[in-house]
Number of protein chains: 2
Amino acid sequence: MAVTIRDVAHACGVHVSTVSRTFSAPQMVNAETRTRVLAAAEQLGYRPNRAARSLTTGRTGNLGLIVADLANPFFPPLIKAAQAAARAQDYHLFVADTDEDPAEEQDLVLAFSKQVDGIVLCSPRLSNKALGKLAETIPFVLVNRRMRGVPTVVMDVAHGARTAMEHLAGLGHRRVALVSGPAGSWTSGEIRRAATDMPGVETVVFGPNAPTEQGGVAVAGQIADAGVTGVLAYNDLVAIGLIEGLEQRGVRVPGDVSVIGIDDSVTGRLHRPKLTTVAMPTADAGRMAVDLLVRSMSAATVLDTHLVVRESTAPPKGSP
Amino acid sequence: MAVTIRDVAHACGVHVSTVSRTFSAPQMVNAETRTRVLAAAEQLGYRPNRAARSLTTGRTGNLGLIVADLANPFFPPLIKAAQAAARAQDYHLFVADTDEDPAEEQDLVLAFSKQVDGIVLCSPRLSNKALGKLAETIPFVLVNRRMRGVPTVVMDVAHGARTAMEHLAGLGHRRVALVSGPAGSWTSGEIRRAATDMPGVETVVFGPNAPTEQGGVAVAGQIADAGVTGVLAYNDLVAIGLIEGLEQRGVRVPGDVSVIGIDDSVTGRLHRPKLTTVAMPTADAGRMAVDLLVRSMSAATVLDTHLVVRESTAPPKGSP
DNA sequence: GTGAAAGCGCTAACAT
DNA sequence: ATGTTAGCGCTTTCAC
């Protein structure tokens with residue numbers, strides 16, 4: 001076994017609680033003793049066992065973040081921002097990937113639940129019911145999924161989708177395909193609702209589809225045959241896959257068919273033709289989700305009070 | 001506080017040890033009792049506390065994976081493969097991002113050290129000395145960094161770099177730039193050694209550079225003025241940034257200058273012009289790193305034995 | 001097959 | 001300022 005608090009205590013003739021305090025409340029211990037303890041700890045290579053600590057304090061100092069697919073360029077900016085926000089509040093952020101699998105998602109939440117103080121769950125694929133149960137286990141914040149009673153950060157993708165449809169309509173497209181995302185995706189539902197509700201444009205829905213390049217490639221055949229002149233895709237990856245698939249079939253973009261993605265990912269920026277897309281404030285979402293999470297974890301939000309000096313107070317009678 | 005083993009024990013008139021056994025050694029408990037315990041646990045929503053469990057068992061069931069930059073498309077395939085390998089052996093994989101910061105890297109290893117059973121450290125930026133100290137704390141496997149006494153998975157990037165240089169030489173390029181990576185990167189050293197050691201080609205080294213698109217953009221001016229006709233870049237991202245920077249300056253790729261990346265990332269595949277690049281077996285590396293880690297963690301590797309039947313055995317004398 | 005009890009490494013009252 | 005002690009939730013001998 002590794003070196004424990006007891007070994008350090010032994011080594012410098014002091015008691016375990018003093019060693020403990022040296023690490024968790026340094027100002028409570030005599031400077032000279034502290035130096036001795038620190039020296040001994042250093043020399044023995046002592047490292048506080050965070051798991052044991054969390055057992056008594058109930059805090060781990062970690063946050064978890066769960067995404068459906070790390071390889072989706074939508075997530076890294078969100079994760080990086082979340083990470084920065086976590087560090088700023090002295091938390092470590094652990095990330096996990098569910099591979100779009102609801103069962104794995106549930107499993108990961110449970111695995112995290114005793115090792116982190118809270119979880120940011122991005123674009124969950126679990127049902128509301130399952131999420132509700134999990135929410136009793138550990139504080140979490142949802143990203144891109146709205147749910148009663150659970151703190152949530154959503155991006156107004158419906159607005160973005162409407163803008164995209166207006167753009168297509170403005171260009172003169174009258175028959176447009178919506179290539180939707182995976183089942184269980186809240187975002188996909190939002191996009192669909194917004195996109196099918198467009199006056200003057202007939203919208204044909206294709207889906208559900210995997211939210212990946214492959215998903216786009218796979219649906220290209222149907223789109224080519226659908227007699228549409230414009231497409232709104234679930235995300236940039238799908239849009240890119242679709243474009244590749246269409247061009248393989250000799251359908252030119254945007255010559256024959258216009259395609260719009262969603263996310264404004266790096267991948268979309270670097271693709272040629274440069275992708276028209278709906279920008280999502282992913283970094284903001286990551287940062288806000290962590291801030292929200294940390295705030296929701298503190299038992300009570302403490303609001304400042306301040307003294308209001310009116311007329312009921314005065315210097316004591318008879319003072320100079 | 002959450003529901004504990006004791007609550008469950010109470011609820012079904014059994015003792016804590018029985019409940020414990022129900023979860024960690026089910027075959028040791030009477031089927032009927034087990035059913036009762038399981039029912040009570042389910043009903044109360046009991047979940048074993050893994051942190052507490054790890055305190056007595058010394059195992060957490062988690063692995064950690066640390067990368068320099070999640071947003072680098074080099075990593076997701078590696079991470080996904082590592083994740084799959086971890087799941088296959090019943091581990092959860094937690095990922096963290098150091099933001100290219102050695103101090104953060106050290107911090108994360110320490111944060112992980114008591115919550116995971118082992119760590120995969122990808123392209124570490126820490127010094128050998130610092131890594132050596134950390135290696136005493138917790139088992140780890142290094143990816144893309146060679147170090148004595150520590151299990152390692154490296155990709156033969158030197159070979160790839162040589163091939164790339166040969167390709168340029170074969171095309172007739174005689175003066176080539178090497179756009180190197182960040183300080184502390186083992187890979188960058190390997191590439192540099194291989195690329196500068198090329199007979200018949202004069203190699204000018206530029207760097208260190210940030211291993212990002214920005215890093216490539218930033219060095220474009222120098223490359224444009226360097227009088228080179230070919231470039232080998234530290235990775236695809238740098239190559240892409242460089243191409244953008246060059247084209248902004250009116251330098252055409254590959255018309256005026258040829259550029260090669262390293263990694264064969266999705267991003268490079270989707271970029272136009274399609275990037276010539278050195279493919280790296282990232283998924284293999286991720287999978288192997290995890291396998292190696294798990295194997296190195298088990299105190300002893302157990303090899304199968306099998307019975308060899310020759311002629312020294314026979315049925316007992318007198319049997320039918 | 002199940003109960004009792006010790007202890008994993010640490011913190012947090014409470015004493016002194 | 002430091003020592004004492006009782007747990008945190010769980011596993012694991014050792015008895016019964």
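The analysis underlying the following values was restricted to heavy atoms, covering all of them including side chains, and did not include hydrogens, waters or symmetry mates. Reminder, nothing fancy here: chain letters follow the sequence lines and each chain counts from 1.
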Atom-to-atom span, [atom1] of [X] to [atom2] of [N] - whole angstrom:
X	N	atom1	atom2	answer
R53(A)	dG9(D)	CZ	P	18 Å
K114(B)	dT11(C)	NZ	P	12 Å
M28(A)	dA12(C)	CE	C1'	10 Å
R50(B)	dG9(C)	CZ	P	19 Å
R36(A)	dA1(D)	CZ	P	15 Å
F23(B)	dT11(D)	CZ	P	9 Å
I5(B)	dG3(C)	CD1	P	12 Å
Q27(A)	dA1(D)	CD	P	10 Å

At under 4.0 Å, does any side-chain N or O of [X] touch on OP1 or OP2 of [N]?
X	N	answer
T33(A)	dT2(D)	yes
S20(B)	dT11(D)	yes
T56(B)	dG9(D)	no
T4(B)	dC8(D)	no
S24(B)	dC10(D)	no
R6(B)	dC8(D)	yes

Heavy-atom count check: over 12 atoms from other residues, nucleotides or ligands less than 6.0 Å from [X] [atom1]?
X	atom1	result
R47(B)	CZ	no
E42(A)	CD	no
M155(B)	CE	yes

- Among the candidates dT2(C), dG3(C), dC10(D), find the nucleotide nearest to the side-chain atoms of N30(B).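 From the listed options, dT2(C) comes nearest.
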- Would you mind telling me which of dT12(D), dC8(C), dT2(D) lies closest to the side-chain atoms of L55(B)? dC8(C)
- Have a look at Y46(A) and say if it touches a base, only the backbone sugar-phosphate, or nothing, with a 4.0 Å heavy-atom cut-off. sugar-phosphate
- Look at all strands and tell whether V14(B) reaches a base, only sugar-phosphate, or nothing, counting heavy atoms closer than 4.0 Å.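 Counting heavy atoms under 4.0 Å across all strands, the contact made by V14(B) is with sugar-phosphate only.
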- For N49(A) and R21(A), take the nucleotide of DNA chain C holding the closest heavy atom to each; which residue's nucleotide lies nearer the 5' end?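 The answer here is N49(A).
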- Select from A52(B) and T18(B) the residue whose nearest nucleotide in DNA chain C is closer to the 5' end of that strand. T18(B)
- Message: Can you tell whether the side chains of R87(B) and D107(A) come within less than 4.0 Å, N to carboxylate O?
- Response: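 Looking at R87(B) and D107(A), the cut-off is met.
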- Query: What distance do R50(A) atom CZ and L110(B) atom CG have between them, rounded to the nearest 0.5 Å?
  - Reply: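 Result: 9.0 Å between the selected atoms.
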- Pair listing, salt bridge (Lys or Arg N to Asp or Glu O under 4.0 Å) test, anchored in residues 18-31 of chain B, at least two apart: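 Non-adjacent pairs meeting salt bridge (Lys or Arg N to Asp or Glu O under 4.0 Å): zero.
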- Query: Is there a donor N/O on one and an acceptor N/O on the other, under 3.5 Å, for the side chain of S17(A) and the base of dT11(C)?
  - Reply: no
